Amino acid sequence: MYNEKVMDHFQNPRNVGEMDNPSGVGEVGNMRCGDIMKIYIKVENDIIQDIKFLTFGCGAAIASSSALTEMVKGKTLEEALQITNKDVANELGGLPEPKLHCSNLAADALHKAILDFQTNK
Amino acid sequence: MYNEKVMDHFQNPRNVGEMDNPSGVGEVGNMRCGDIMKIYIKVENDIIQDIKFLTFGCGAAIASSSALTEMVKGKTLEEALQITNKDVANELGGLPEPKLHCSNLAADALHKAILDFQTNK
Amino acid sequence: MKKIYMDYSATTPMREEVLEAMLPYLRERYGNPSSLHLFGRETRKALDEAREKVAAGLGVTPEEIIFTSGGTEANNLAIMGVARGISSGKNHIITSAVEHHAALDTVKFLGERGYKITILPVDEYGIVSPQQVKDAITDQTILVSIMTANNEVGSILPFEEIGRICREKGVYYHTDAVQAIGHIPFNLHEQPVDLLSLSAHKFYGPKGVGALYIRRKTRVKQILFGGGQERKLRPGTENLSAIVGLGRAMELAVAHIPEKIEKLSRLRDRLIQGLLQIEDVRLNGHPEKRLPGNVNVSIFFVEGESLLLDLDLKGIAVSSGSACTSGSLDPSHVLLAMGLDPQIAQGSLRFSLGAENTIEEIDYTLEAVQETVQKLRAMSPFIRNIC
Amino acid sequence: MKKIYMDYSATTPMREEVLEAMLPYLRERYGNPSSLHLFGRETRKALDEAREKVAAGLGVTPEEIIFTSGGTEANNLAIMGVARGISSGKNHIITSAVEHHAALDTVKFLGERGYKITILPVDEYGIVSPQQVKDAITDQTILVSIMTANNEVGSILPFEEIGRICREKGVYYHTDAVQAIGHIPFNLHEQPVDLLSLSAHKFYGPKGVGALYIRRKTRVKQILFGGGQERKLRPGTENLSAIVGLGRAMELAVAHIPEKIEKLSRLRDRLIQGLLQIEDVRLNGHPEKRLPGNVNVSIFFVEGESLLLDLDLKGIAVSSGSACTSGSLDPSHVLLAMGLDPQIAQGSLRFSLGAENTIEEIDYTLEAVQETVQKLRAMSPFIRNIC
Ligand SMILES: Cc1ncc(COP(=O)(O)O)c(C=O)c1O
Ligand SMILES: Cc1ncc(COP(=O)(O)O)c(C=O)c1O
């Protein structure tokens with residue numbers, strides 16, 4: 001069902017965990033399918049220096065979160081804001097159809113985290 | 001589908017054929033299933049001395065005709081009139097359900113032949 | 001005793017290669033294809049591959065193939081499924097008088113349910129003309145269901161032209177190709193067909209599995225309810241080994257069709273010629289537009305079951321009408337629709353030839369038929385009445 | 001890597017004896033059972049014998065058994081068939097919220113078609129009480145369809161009492177026994193059941209075949225149309241090898257049930273106890289009235305598919321919900337009906353044990369689950385929010 005890249009991110013998720021004193025936190029949740037993602041970012045000089053995630057969800061949700069954190073680390077906020085859920089799915093080499101809309105929300109969580117940072121700055 | 005006794009009568013039908021100068025002839029036909037039986041009898045002293053049949057029909061029809069001719073030969077007309085289609089089926093050790101009503105009409109043909117004899121006597 | 005099978009239209013023996021393909025799925029690969037774990041993924045893969053093979057055999061895409069429990073269910077799903085999928089309020093369905101009961105009776109059932117139905121008559125060969133279809137289509141018509149080739153008399157219908165007319169008129173076209181697949185060349189990609197039924201056991205595959213081809217964007221609704229299998233169109237745990245067998249059988253069936261046709265039709269023509277040399281025998285079905293393995297004759301003055309029974313005693317397996325109605329007592333609805341007298345229809349035999357028949361078998365059969373006919377005619381009250 | 005199958009409720013491996021019984025019908029005995037000739041008669045005989053075996057296993061007569069393509073079709077035929085068979089104008093059907101979709105969705109479909117339907121709620125264990133059924137029956141009720149044992153949480157329903165009530169009220173009772181046959185003792189002769197569905201692949205038989213028991217004199221009409229097979233109730237060339245397999249599987253399934261129950265429930269209880277030792281795990285389904293092989297737990301703060309996936313990587317095959325819905329994203333309708341919070345329902349796993357599981361596998365599994373839960377909880381945003 002999932003390709004190797006997805007399974008790798010699922011088995012060895014990068015950047016799992018909470019963060020002390022994050023610059024911003026974003027959470028998205030989809031009540032229908034129940035996946036919840038929480039992204040913490042540490043921003044310095046408009047650059048995402050560190051990023052962590054917590055996810056309750058299926059394999060696709062966990063892999064998307066993990067992949068996103070890798071894609072984003074070291075990027076400027078502007079660059080990070082350009083990343084879409086679709087980019088994450090592409091980075092993973094594709095996700096099964098039924099997972100595309102429910103479990104692939106990591107970019108949304110990131111954007112919320114950036115907004116959170118910008119709002120509270 | 002058919003038991004051995006039926007198959008034996010089908011394979012080696014007794015008393016097949018026409019009869020010259022029969023005492024009586026009876027024919028029954030069932031339009032729905034298309035079986036047609038014709039029974040010829042030769043009667044002397046109220047006894048069926050000889051009997052022949054011609055049948056267009058399925059295995060059950062042929063076997064019933066054959067079995068009937070054996071049952072009847074040498075019987076008095078009165079005895080012969082007592083024989084029912086059911087008796088013929090029993091003599092054959094039974095027939096498949098769907099064949100009981102359409103293809104088991106030999107006794108009817110016999111009764112017609114007797115009637116024919118009695119009417120024209 | 002010799003055992004000669006000449007009832008390939010009723011069902012075929014499975015090819016050894018097909019059984020080989022199935023065996024792992026009857027043994028160690030038993031996972032439910034809907035399961036996400038390893039056991040399920042390996043059977044899901046097999047399911048996908050079988051779908052690809054069936055699609056490739058038809059020249060279509062895998063997403064257009066729905067597996068069913070056989071030709072009967074495929075026909076039911078096509079006809080009732082289209083009827084259920086229509087939202088326009090239109091309600092007219094056209095079929096023909098020579099369809100298999102799995103199509104004909106489904107249409108009749110919809111007739112009882114308030115649909116308008118037209119059952120087209122056929123010519124003396126059991127063929128519906130494209131013009132008849134054209135004339136029957138109204139602005140209320142949703143579906144035309146007319147078979148590819150007839151299972152009893154073997155006539156091949158002008159399905160391509162019929163499809164073209166349906167396409168022009170914007171009406172769905174379903175064809176029951178149960179007797180055609182693997183026996184005549186076929187490329188759905190080039191043909192204006194929206195739905196097509198097939199059944200594996202008619203082309204050396206397993207019994208109990210078939211498929212419905214549903215052209216992309218054709219609106220069909222499920223007719224059985226349950227799990228989400230087969231794109232929600234056909235619920236129930238998949239009959240995996242049989243589906244794998246269907247895939248393999250399809251691969252084999254579409255290979256070397258011209259050679260198979262050539263071989264079979266030679267046998268067929270020899271049998272026909274021989275049979276027609278018996279007095280008062282007529283060939284049913286079209287003399288040329290005919291399945292390569294089909295021989296259907298009426299043998300006057302004698303009845304079909306007794307013919308069949310006597311031939312069976314000589315080791316020859318043939319059919320008097322289609323297998324599923326041969327238990328019944330009515331003469332074939334196909335022969336009656338072709339205008340045969342009921343009594344003559346009743347004296348009909350179908351020889352359907354296949355992969356393992358030989359010239360020797362044909363010749364043995366011809367002798368046997370001659371003997372049988374002679375014997376039964378000697379018992380017949382008709383021959384004297386009529387001649 | 002170890003491969004541990006704990007998804008016997010999704011499907012079972014076929015027993016070697018069953019395959020042995022089937023093989024002749026996949027090879028040389030290929031005749032169509034409707035054919036009158038030798039090839040057909042030998043398969044007709046096999047069909048009759050299989051029917052006798054299934055009937056004997058249930059304690060009923062062969063005429064009361066109709067073969068279908070599986071449990072799904074059996075349920076559809078039972079429910080739609082009874083609805084179609086009713087001539088009194090009554091139109092109320094009762095079912096429960098925890099039925100398999102093959103029953104529930106069929107009833108809902110009839111609801112759309114104008115039938116009145118009642119979907120009874122269940123208690124926290126997924127059980128419908130006889131009293132609820134009694135209260136729901138009206139003078140319009142034609143059918144109660146309530147399963148014997150639930151496929152997800154394993155609860156055994158009071159089908160006997162429910163049947164008795166239906167009998168008293170003169171209402172047909174159908175029970176979906178797909179998960180019960182071969183797993184709990186059963187003698188239909190003594191039970192007030194009018195219709196019962198079963199599926200061979202759930203008790204070590206082949207996929208793609210099932211049966212519907214229809215008590216004599218129960219009025220049921222066909223729902224698919226075609227040939228006259230299965231007393232006109234289920235048309236289509238019979239899936240002969242699978243039916244023979246079903247017959248053999250039934251023979252084997254009903255033998256030694258007490259011993260099988262004893263062995264399985266010991267494994268089951270060991271697994272349950274071990275799982276409950278993990279923090280924040282609850283058992284779903286009835287603690288005692290439960291299928292001997294079923295373990296269903298909710299593991300708080302983590303999601304089912306990721307649990308399943310991680311266990312799969314460790315070679316353990318389990319299910320998160322029933323196989324046919326595990327492709328979908330909705331939490332189990334059964335767990336929701338039992339009152340579970342959607343998020344908790346989503347973190348549920350079903351272990352269904354069977355013939356080949358061992359104590360070692362149970363212990364290995366327990367360790368694996370512990371590890372997996374730990375890993376996934378470390379990623380979960382909930383555990384921190386809630387605790
Ligand atoms: C033309 C045709 N359609 C449909 C069917 C039904 O197929 P099945 O018996 O596999 O359901 C048959 C064969 O019986 C057939 O010959
Ligand atoms: C309780 C229950 N009913 C019906 C079914 C459907 O059976 P099948 O998949 O064999 O059609 C299943 C299994 O999937 C089941 O567990």
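In what follows, every chain begins at residue 1, and chains take the letters A, B, ... in the order their sequences are listed. On a predicted model such as this, the values are computed, not experimentally measured, just so you know.
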Worksheet item: Does any donor atom in the side chain of D/Arg234 or C/Thr72 lie under 3.5 Å from an acceptor atom in the other side chain?
Response: no
Worksheet item: Given D/Leu26 and C/Leu26, is the side chain to side chain contact (heavy atoms under 4.5 Å, CB included) satisfied, shown in steps?
Response: CA-CA 11 Å; D/Leu26 290 165; C/Leu26 290 165; 3.9 Å; yes
Any chance you could measure [X], atom [atom1], to [Y], atom [atom2], to the nearest 0.5 Å?
X        : Y        : atom1 : atom2 : answer
C/Asp312 : D/Leu36  : CG    : CG    : 8.5 Å
C/Phe109 : D/Lys221 : CZ    : NZ    : 9.0 Å
D/His101 : C/Lys232 : NE2   : NZ    : 9.0 Å

Please flag which part of [X] lies under 4.5 Å from any non-hydrogen atom of chain C: side chain, backbone, both or neither.
X        : result
D/Val318 : backbone
D/Arg44  : neither
D/Ser241 : neither

Worksheet item: Who wins among C/Ile316, C/Val209, C/Thr237 for the most heavy-atom pairs under 4.5 Å with chain D?
Response: C/Thr237
Worksheet, complete the sentence: The interface call for C/Arg15 against chain D, heavy-atom contacts under 4.5 Å, is neither
Fill in: Proximal component of C/Glu238, with respect to chain D [non-hydrogen, under 4.5 Å]
backbone
Worksheet item: Ignoring hydrogens and geometry, is there a side-chain-to-backbone donor-acceptor pair from C/Lys207 to D/Tyr30 under 3.5 Å?
Response: yes
Discussion item. Counting only heavy atoms not in C/Glu28 (residues, nucleotides, ligands), do more than 12 fall under 6.0 Å from its CD?
Written reply: yes
Worksheet entry | D/Phe225 and C/Met80, any side-chain heavy atoms less than 4.5 Å apart | yes
Item to complete: With the side chain counted from C-beta on, respond yes when D/Ile223 and C/Leu224 share a heavy-atom pair under 4.5 Å apart, and no when they do not.
Response: yes
Worksheet item: Closest approach of C/Asp7 and D/Ser35, non-hydrogen atoms and distance?
Response: OD2-OG, 3.3 Å
Worksheet item: Do you know the tightest heavy-atom contact between C/Asn239 and D/Asn239?
Response: ND2-ND2, 3.3 Å
Worksheet entry | Worked verdict on D/Leu23 versus C/Leu23 for side chain to side chain contact (heavy atoms under 4.5 Å, CB included) | CA-CA 10 Å; D/Leu23 279 176; C/Leu23 279 175; 4.0 Å; yes
